[in-house]
Amino acid sequence: MSETLSTLGCHAALAEIPIEIPPRPEFGDIAIVAARLMRACGGVVKSPKELAVRLGNALEGVEGVGKVEVKGIYVNIFIDREWYGRRLLEHLRKSGDSYGIIRDLEGTRFVIDYVSLNPVHPLHIGSGRNAALGEFVARALEARGAEVSRRYYVNDLGLQVAYMVYGYRASRKVRPPEGMKIDHYMGIVYAAAATAVELEQVRKQLEEARQEGGERYRELLRKADELVAAIAELRHKAPETVEAIIEAVKKEDDPEAAVRKVLADLEFMRDEELVVIAREAVENVLAGVRETLERLGISMDAYDWESDLVREGLVAEVLEKARRSPYYIIYKGVPALDVRKLAENKELRRRLRIPEGLEIPPLILARSDGTTLYTTKDIAYTIKKFRIFNADQVINVIAVEQTLPQAQVRLALYAIGHGREAENLIHYAYEMVTLPGGGMKGRRGRYVTVDQVLNTLEAHVRAELGETGREMNDEIVKAVARSAFKYMMLSTSPLKPLIFDYYKALDIRSNSAPYIMYTYARTRGIFRNLGRDEPEWEKAEPRNLEGDLWRLVYLLGKAPLDVSKALRELRPEDLITAINEIANLFNSWYSREPIIRESDEGYREFKVAVTWAVSKVLENAMRVLGLDALEKI
RNA sequence: GGGCCCGUGGCCUAGCCAGGAUAAGGCGCCGGCCUGCGGAGCCGGAGAUCCCGGGUUCAAAUCCCGGCGGGCCCGCCA
């Protein structure tokens with residue numbers, strides 16, 4: 001193509017040639033918009049129409065080109081379909097099972113940090129989105145040949161954990177309600193502590209504000225009402241536990257200070273008993289989280305504890321490096337890194353992928369009681385992630401709301417002399433999941449958990465199976481439910497907020513993981529009936545390449561491009577679009593064309609080869625998306 | 001107040017970065033197809049000011065500017 005153009009006096013690399021797929025089949029298989037080539041052909045021709053005519057003539061007889069039609073500024077090319085069919089067969093045969101996947105990351109190493117939710121409540125649908133996306137990223141990189149380490153950051157020294165530990169200590173004598181999953185229970189403990197402390201706080205403020213009255217007073221009253229309502233909800237779920245926590249909070253002179261003391265005692269390991277209690281509390285949550293992840297078909301390679309970073313001295317190391325850095329300042333009385341000057345450097349900003357207009361405030365490293373902040377420990381953790389796995393890149397799957405702290409971490413790494421880490425730390429951001437009525441509130445114990453969704457989904461699938469009178473199989477039910485969940489989380493661009501709608505989540509048709517799974521099982525069924533796993537390649541004869549079959553063959557031919565693009569750009573929604581298109585076409589072709597019963601042997605084997613390709617493309621894509629590719633469904 | 005992201009039939013989503021012909025898919029709605037290799041399927045139909053207004057261009061859902069609407073961030077939380 002490029003050569004053909006240069007005979008016309010145009011100079012464009014192949015990648016620059018504006019090839020596109022026409023909107024209607026009558027306009028050919030591919031088209032070139034001559035107008036867009038005018039620049040490359042500068043001065044050679046007068047008008048786009050003239051260029052189209054000359055280009056059309058030049059393309060006649062080129063290998064693979066069947067027919068050329070020029071329509072105004074468009075050069076419509078009809079591919080030599082048999083030629084294309086033969087080339088597809090060659091490709092399929094050569095690439096075998098891995099058709100559609102390009103291994104361009106062989107020899108590279110990645111750490112993917114995902115899920116990593118605060119260990120104070122169960123996986124909710126927000127962290128469910130995180131889990132599905134992170135797993136996709138990990139699998140996409142693995143498919144491309146990279147070595148991947150899946151790591152979960154156990155953030156056990158944060159303020160939230162301090163609340164949970166405070167509540168857990170206060171309610172240790174109480175047994176969790178019968179049958180409640182342990183992480184769900186810990187979620188209540190955390191929310192009860194956080195809410196009770198806040199309520200005490202508000203009560204005090206109310207007393208002070210009572211005399212003045214006015215807007216502030218009414219505002220506080222509203223807030224108190226909300227908190228009381230939240231407590232009531234929690235009490236309903238675990239009465240004794242919540243009572244015990246409220247009692248403890250009431251006894252405190254300053255409940256908030258009590259929690260902060262827990263935080264400091266944990267970070268400085270000043271209270272051995274407390275450290276043990278905290279470990280137990282966090283382990284409880286993690287046990288539940290692990291179980292849920294298992295239901296989703298996700299298993300982490302490592303759980304890295306924040307407290308270990310402190311114990312191993314990595315956090316102290318970071319503080320020391322920061323102190324020696326030229327960007328070190330005392331800001332509002334606490335140690336900080338003033339990376340604003342660094343952020344002014346445009347070239348550096350670009351290299352560290354800091355969003356253009358993002359204003360970077362100084363990064364505070366420690367509280368006035370000496371405890372360090374999440375971001376400080378995250379700097380230490382990033383260094384550890386690179387070190388421990390000898391990683392080329394570290395990808396953090398974290399919600400978009402943390403864009404600023406993530407940018408600060410990169411700048412801080414650079415500031416303390418870890419430029420390589422800074423440049424290779426990727427924030428894979430995704431938008432929030434919200435409920436139709438508004439956001440979820442972990443602090444109040446209001447969220448929809450992944451467990452709940454999976455339970456309902458499984459029940460729904462069972463009901464559906466009952467209707468179709470199929471064999472009831474627990475494994476299949478679970479596989480369909482978790483695939484439907486992941487599909488729902490992956491089919492929308494990560495950049496779009498997701499409004500979680502129970503009604504829609506249960507609609508397993510619109511949410512068509514089962515459709516893809518069904519189509520795949522159908523292709524497998526054909527090979528089962530055929531009694532072999534592969535086409536007889538030498539016998540396959542491309543024939544009757546028109547209609548659905550041609551479109552399917554055409555699509556299968558470019559599937560490796562579509563798939564590899566989605567994997568390179570880490571866009572699950574593109575992968576889903578691509579396989580949906582293929583599944584659609586296959587089903588519609590299948591419904592009216594016999595495959596096994598095709599009498600012409602050469603044609604039959606070609607059909608079998610097409611089915612084989614559909615099967616492989618679906619299977620490989622499903623693996624990356626984390627959907628179960630079942631033989632039977 | 002500043003910044004980032006999103007706005008596409010009743011609902012959800014793709015297309016936008018790399019501008020091109022009649023805007024694609026799903027749900028829902030209406031109407032068809034089971035003695036056939038799997039009906040969780042297939043075929044057909046109705047349904048759209050591509051948020052609004054300017055600009056650039058032969059050509060704008062797509063690029064630029066200005067609005068409007070929604071989400072998020074701007075903490076000694078994460």
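Residue numbers begin at 1 in each chain, while the letters A, B, ... track the order of the sequences.
Interface remark: the A:Ser368 side chain does form a donor-acceptor pair with the B:C76 base, using a distance-only criterion of under 3.5 Å. Counting atom types as modelled, A:Asn76 pairs a side-chain N or O with a base atom of B:A21 as donor and acceptor under 3.5 Å.
Residue A:Glu598 is classed as having no contact, given no heavy-atom separation below 4.0 Å to the nucleic acid. In this structure, A:Pro361 reaches neither bases nor backbone, as no heavy-atom distance under 4.0 Å exists between it and the strands shown. At the heavy-atom level, A:Asp369 lies nowhere under 4.0 Å from the strands shown. Nucleic acid contact for A:Ile633: base, since at least one base atom lies under 4.0 Å from a heavy atom of the residue. Nucleic acid contact for A:Asp574: sugar-phosphate only, since backbone atoms but no base atoms lie under 4.0 Å from a heavy atom of the residue. Across all strands, A:Tyr331 comes closer than 4.0 Å to no nucleic acid atom at all (heavy-atom distances). Residue A:Ala521 is in base contact, counting any heavy-atom pair closer than 4.0 Å across all strands shown. Across all strands shown, A:Leu530 has no heavy atoms under 4.0 Å from either base or sugar-phosphate atoms.
Proximity of A:Asn529 to the phosphate of B:G38: a side-chain N or O atom is located under 4.0 Å from OP1 or OP2. The side chain of A:Arg522 places an N or O atom within less than 4.0 Å of a non-bridging phosphate oxygen (OP1 or OP2) of B:G39. Between A:Lys496 and the phosphate of B:A14, there is a side-chain N or O to OP1/OP2 separation shorter than 4.0 Å. OP1 or OP2 of B:A78 has not a single side-chain nitrogen or oxygen of A:Tyr163 nearer than 4.0 Å. Between A:Ser588 and B:C43 there is a side-chain polar atom (N or O) within less than 4.0 angstrom of OP1 or OP2. A close approach under 4.0 Å does not occur between any side-chain nitrogen or oxygen of A:Arg571 and OP1 or OP2 of B:C16.
Nucleotides B:G20 and B:G2 place their P atoms 33 Å apart, quoted to the nearest Å. When the P atom is used for both B:C77 and B:U13, the distance is 36 Å, rounded to whole Å. Comparing the same atom, C1', in B:U62 and in B:C6 gives a spacing of 15 Å after rounding to whole Å. Rounded to a whole angstrom, the distance from the C1' atom of B:U49 to that of B:U8 is 12 Å. The same atom, P, is picked in B:C73 and in B:G26; the two are 36 Å apart, to the nearest Å. Distance noted for atom C1' between B:C65 and B:A60: 15 Å (whole Å). Taking the P atom of each, B:A61 and B:A24 are spaced 13 Å apart, rounded to whole Å. Straight-line distance between the C1' atoms of B:C34 and B:G39: roughly 7 Å, to the nearest whole Å.
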Item to check | Criterion side chain to side chain donor-acceptor pair (under 3.5 Å) on A:Thr492 and A:Glu573, from CA distance to verdict | outcome: CA-CA 6 Å; A:Thr492 302; A:Glu573 73 276 22; over 6 Å; no

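Applying the Watson-Crick and G-U wobble criteria (two distances, each under 3.5 Å), B:A14 pairs with nothing in any strand. The partner of B:A61, taking Watson-Crick or G-U wobble pairs whose two distances both stay under 3.5 Å, does not exist in any strand shown. For B:G41, the paired base is B:C33 (Watson-Crick or G-U wobble, both distances below 3.5 Å). Under the Watson-Crick or G-U wobble criterion, with both distances below 3.5 Å, B:G75 is left unpaired in every strand shown.
At whole-Å resolution of the value, CZ in A:Arg524 and P in B:G41 are 21 Å apart. Between the CG atom of A:Asn580 and the P atom of B:C12 there is a distance of 19 Å, given to the nearest Å. Across the protein-nucleic acid pair, A:Arg597 atom CZ and B:G38 atom C1' stand 13 Å apart, rounded to whole Å. Distance A:Glu359 CD to B:G75 C1': 15 Å, rounded to the nearest Å. We find that CD1 of A:Ile21 is positioned 12 Å from C1' of B:G15, with the value rounded to whole Å. In this entry the distance linking CD1 of A:Ile576 with P of B:A24 reads 21 Å, nearest Å. Per the geometry, NZ belonging to A:Lys441 stands 20 Å off P belonging to B:C77, to the nearest Å. Distance CG (A:Leu404) to P (B:C72): 16 Å, rounded to an integer number of Å.
Between the side chain of A:Asp304 and the main chain of A:Tyr153, no donor-acceptor pair closer than 3.5 Å is present. Checking side-chain atoms of A:Glu598 against main-chain N and O of A:Asp600 turns up a donor-acceptor pair under 3.5 Å.
Under the side-chain hydrogen bond (donor to acceptor under 3.5 Å, both in side chains) rule, A:Asn396 has a single partner from A:Gln402, A:His427, A:Lys385, which is A:Lys385.
For the pair A:Glu431 and A:Lys496, the salt-bridge criterion is not met [side-chain N within less than 4.0 Å of a carboxylate O]. A salt bridge links A:Arg444 to A:Glu198: one of the charged nitrogens lies within less than 4.0 Å of a carboxylate oxygen.
A glycosidic torsion no more than 90° from 0 defines the syn conformation, and B:C34 adopts it.
The distance from the CG atom of A:Asp548 to the OG atom of A:Ser591 is 7.5 Å, given to the nearest 0.5 Å.
If you check the side chains of A:Asn118 and A:Tyr190, you find no donor sitting under 3.5 Å from an acceptor.
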